[in-house]
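As the structure is a prediction and not an experimental result, all values here were calculated from the model.
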Amino acid sequence: MLTILSQFKLDGKPIFHQRYGNGHINSSYLVVDSTAREYILQKINCSVFRDPDSLMNNIVAVTKHLRSRAAHEREVLQLIPTVDGKDWFVDEENEYWRLYAFVADSICLDMATPNDFRESGFAFGMFQRHLSDFPAHTLVETIAGFHDTPKRYDALKKAIEADVCERVQLVQKEIEFALARHEYASTLTDLQKQGELPLRVTHNDTKLNNILFDRSTRKALCVVDLDTVMPGLSVNDFGDSIRFGASTAVEDEQDLEKVTLSLPLLETYAEGFLSACGNSLTECEILHLRDGAKMMTLECGVRFLTDYLSGDTYFHIKRETHNLDRCRTQFKLVAEMEKNWEEMQRLIMKFKN
């Protein structure tokens with residue numbers, strides 16, 4: 001570890017390091033140097049991210065753009081350069097390493113109050129606003145087709161036909177639910193192809209724990225975990241936050257009676273998000289924010305169902321029906337959204353500028 005750290009321009013000598021956080025993809029370490037400055041060292045998981053050079057080029061370009069618009073240094077992640085002036089280091093085993101300055105007096109949250117959720121909406125809204133003039137097409141897709149919902153349906157159909165685990169007969173209800181919405185699945189991708197929904201810089205993992213908050217004020221500081229920053233649709237970023245944060249139950253809840261859509265949480269997130277976006281979104285984007293919520297929830301359910309039928313090869317499971325349980329919560333949430341479809345739009349449009 002000291003050999004790796006010696007490749008970066010720390011303010012002092014490294015005197016302490018330990019594993020940090022609970023991320024499941026990259027390996028992260030908290031580092032302290034002799035000046036008491038703190039850093040986050042990360043080894044990129046190149047099995048998940050097959051093109052780490054492009055991934056890092058994306059992050060460098062986006063953080064540079066954000067920094068030109070930030071009012072305070074804590075609002076944007078800062079990469080610490082290597083001793084030879086590069087933005088990341090590749091070791092002799094072809095492992096990729098990067099070093100971030102630790103954002104002082106910040107905390108990460110896994111559970112939110114309504115105000116915390118609004119603040120997260122504000123942070124992701126500012127992310128959209130500050131990057132609204134960034135040429136999204138210059139970024140590389142770090143995971144190809146990540147939110148291409150029609151392709152997710154293609155994968156589901158293949159899994160149904162193959163039925164490698166002979167589970168199809170166990171999930172007829174879930175398959176019927178998914179296939180009944182197959183035509184809807186192309187709604188947003190069709191609008192993008194028609195030029196109605198613009199290509200944006202998107203985060204693609206807009207959960208609460210990808211925001212850093214000020215420890216004292218609980219105000220959102222900055223967006224983190226930028227590995228999936230790539231070209232996409234703003235409505236999907238909004239939608240993934242609602243999918244995860246406005247559900248009244250955890251993602252793998254087995255009691256579906258507990259799974260509902262919290263309209264108050266939807267409203268408070270929309271307020272934060274749209275107040276921060278200002279005039280950066282188009283009319284079409286605002287009108288389809290609720291579709292982003294439904295689409296991301298439907299797509300996630302389809303992915304869980306596909307993985308269950310395929311033998312649980314992608315998502316980590318802790319029980320045999322784990323992916324099926326996840327699928328069912330997502331489909332229940334989709335049904336809740338459909339039941340409250342007009343009210344969702346009313347609450348979102350309250351905050352249209």
Side-chain angles (χ1 to χ4, degrees), residues 24 143 145-165 167-189 204-208 228 232-233 235-263 265-266 288-341 344:
H24 299 300
I143 303 177
F146 190 57
H147 283 322
D148 189 330
T149 313
K151 285 188 177 179
R152 298 296 188 183
Y153 265 86
D154 291 342
L156 173 62
K157 288 187 172 182
K158 289 178 182 177
I160 293 170
E161 292 171 5
D163 195 16
V164 294
C165 297
R167 290 175 168 177
V168 166
Q169 73 276 14
L170 304 176
V171 290
Q172 284 299 307
K173 182 178 178 182
E174 288 75 21
I175 289 173
E176 289 173 7
F177 184 96
L179 295 183
R181 291 154 181 81
H182 188 193
E183 186 175 345
Y184 173 79
S186 63
T187 299
L188 298 179
T189 52
N204 296 294
D205 191 14
T206 52
K207 297 194 293 290
L208 178 77
T228 53
L233 300 178
V235 297
N236 288 342
D237 266 8
F238 175 89
D240 205 31
S241 289
I242 300 303
R243 178 194 75 81
F244 189 83
S247 173
T248 58
V250 294
E251 195 174 67
D252 58 356
E253 176 59 59
Q254 293 175 282
D255 182 359
L256 294 182
E257 292 298 317
K258 296 179 180 179
V259 183
T260 60
L261 173 68
S262 170
L263 291 171
L265 285 176
L266 166 69
H288 287 88
L289 288 173
R290 66 171 175 174
D291 285 294
K294 179 179 173 181
M295 194 69 69
M296 289 299 93
T297 311
L298 178 62
E299 179 186 290
C300 204
V302 165
R303 292 179 65 195
F304 287 139
L305 180 57
T306 301
D307 202 32
Y308 176 74
L309 292 173
S310 302
D312 308 300
T313 60
Y314 185 83
F315 296 105
H316 177 71
I317 61 170
K318 295 181 179 179
R319 53 183 181 270
E320 184 178 351
T321 61
H322 205 164
N323 275 321
L324 180 57
D325 294 334
R326 290 163 170 157
C327 162
R328 287 170 172 164
T329 64
Q330 299 307 291
F331 286 173
K332 174 66 184 302
L333 196 56
V334 168
E336 289 289 310
M337 291 179 182
E338 292 172 345
K339 186 168 65 176
N340 293 281
W341 197 237
M344 286 178 68

- [ ] I would like to know whether Met295 and Val235 meet side-chain contact (heavy atoms from CB on, under 4.5 Å); could you show each step before the answer?
- [x] CA-CA 9 Å; Met295 194 69 69; Val235 297; over 6 Å; no
TODO: Could you walk me through whether Asp291 and Leu188 pass the side-chain contact (heavy atoms from CB on, under 4.5 Å) test, one step at a time?
DONE: CA-CA 8 Å; Asp291 285 294; Leu188 298 179; 4.0 Å; yes
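- Under the 4.5 Å side-chain criterion, counting only non-hydrogen atoms from C-beta, Thr189 is not in contact with Leu233.
- From Leu289, atom CG reaches atom CD1 of Ile242 across 9.0 Å, with rounding to the nearest 0.5 Å.
- Of all heavy-atom pairs spanning Ala293 and Thr297, the tightest one is O-OG1, 2.7 Å.
- Side-chain atoms of Thr206 come within 3.5 Å of backbone atoms of Ser241 as a donor-acceptor pair (strictly under, hydrogens ignored).
- Atom-to-atom distance recorded for Glu336:CD and Ser262:OG is 11.0 Å, nearest 0.5 angstrom.
- Between Leu266 and Met344, some side-chain heavy-atom pair lies under the 4.5 Å cut-off.
- Glu183 CD: 12 or fewer foreign heavy atoms inside a 6.0 Å radius.
- The number of heavy atoms from other shown groups lying within 6.0 Å of NZ (Lys207) is above 12.
- A salt bridge links Arg243 to Asp240: at least one charged side-chain nitrogen sits closer than 4.0 Å to a carboxylate oxygen.
- Here the closest heavy-atom approach between residue Asp312 and residue Glu320 is recorded as OD2-O, 4.1 Å.
- Of the possible donor and acceptor atoms, one in the side chain of Tyr153 sits under 3.5 Å from a partner among the backbone N and O of Ala178.
- The residues Arg326 and Asp307 are annotated as not salt-bridged, no charged nitrogen and carboxylate oxygen being separated by less than 4.0 angstrom.
- Scanning both residues, His322 and His316, for their nearest heavy atoms gives ND1-O, 4.4 Å.
- Looking at Glu253 and Thr329, their side chains never bring a donor and an acceptor atom within 3.5 Å of each other.
- The pair Lys173-Glu176 fails the salt-bridge criterion, with no side-chain N (NZ, NE, NH1 or NH2) lying under 4.0 Å from an Asp/Glu carboxylate O.
- For the pair Val302 and Phe331, the tightest heavy-atom approach, listed with the atom from each and the gap, is N-CE2, 3.8 Å.
- You'll find the side chain of Phe315 reaches within 4.5 Å of the side chain of Arg303, heavy atoms only.
- Lys339 places none of its side-chain heavy atoms less than 4.5 Å from the side chain of Leu261.
- A side-chain donor-acceptor contact under 3.5 Å links Thr248 to the backbone of Thr260.
- Taken from CG in Asp255 to CZ in Arg328, the straight-line distance is 12.5 Å, to the nearest 0.5 Å.
- Cation-pi contact between Lys294 and Tyr184: present, with separation from the ring centre below 6.0 Å and deviation from the ring axis of at most 45°.
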TODO: Starting from the C-alpha separation in whole Å, work towards a yes-or-no answer on side-chain contact (heavy atoms from CB on, under 4.5 Å) for Arg152 and Thr306.
DONE: CA-CA 8 Å; Arg152 298 296 188 183; Thr306 301; over 6 Å; no
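- When all heavy atoms are compared, the tightest approach of His147 to Asn236 is CB-ND2, 3.8 Å.
- Of the possible polar contacts, one joining the Arg167 side chain to the Tyr308 backbone as a donor-acceptor pair under 3.5 Å is found.
- Judged by distance alone, with hydrogens and angles left aside, the side-chain atoms of Arg290 form a donor-acceptor pair with the main-chain N or O of Trp341 at under 3.5 Å.
- No donor-acceptor pair closer than 3.5 Å links the side chain of Asn323 to the backbone N or O of Phe304.
- The CG atom of Leu170 lies 9.0 Å from the CG atom of Leu309; values are rounded to the nearest 0.5 Å.
- Here the closest heavy-atom approach between residue Cys165 and residue Ser310 is recorded as SG-C, 4.1 Å.
- To the nearest 0.5 Å, the span separating CG on Leu305 from CD on Gln330 amounts to 12.0 Å.
- Interatomic distance, CG of Leu333 versus CE of Met296, reported as 13.0 Å (0.5 Å rounding).
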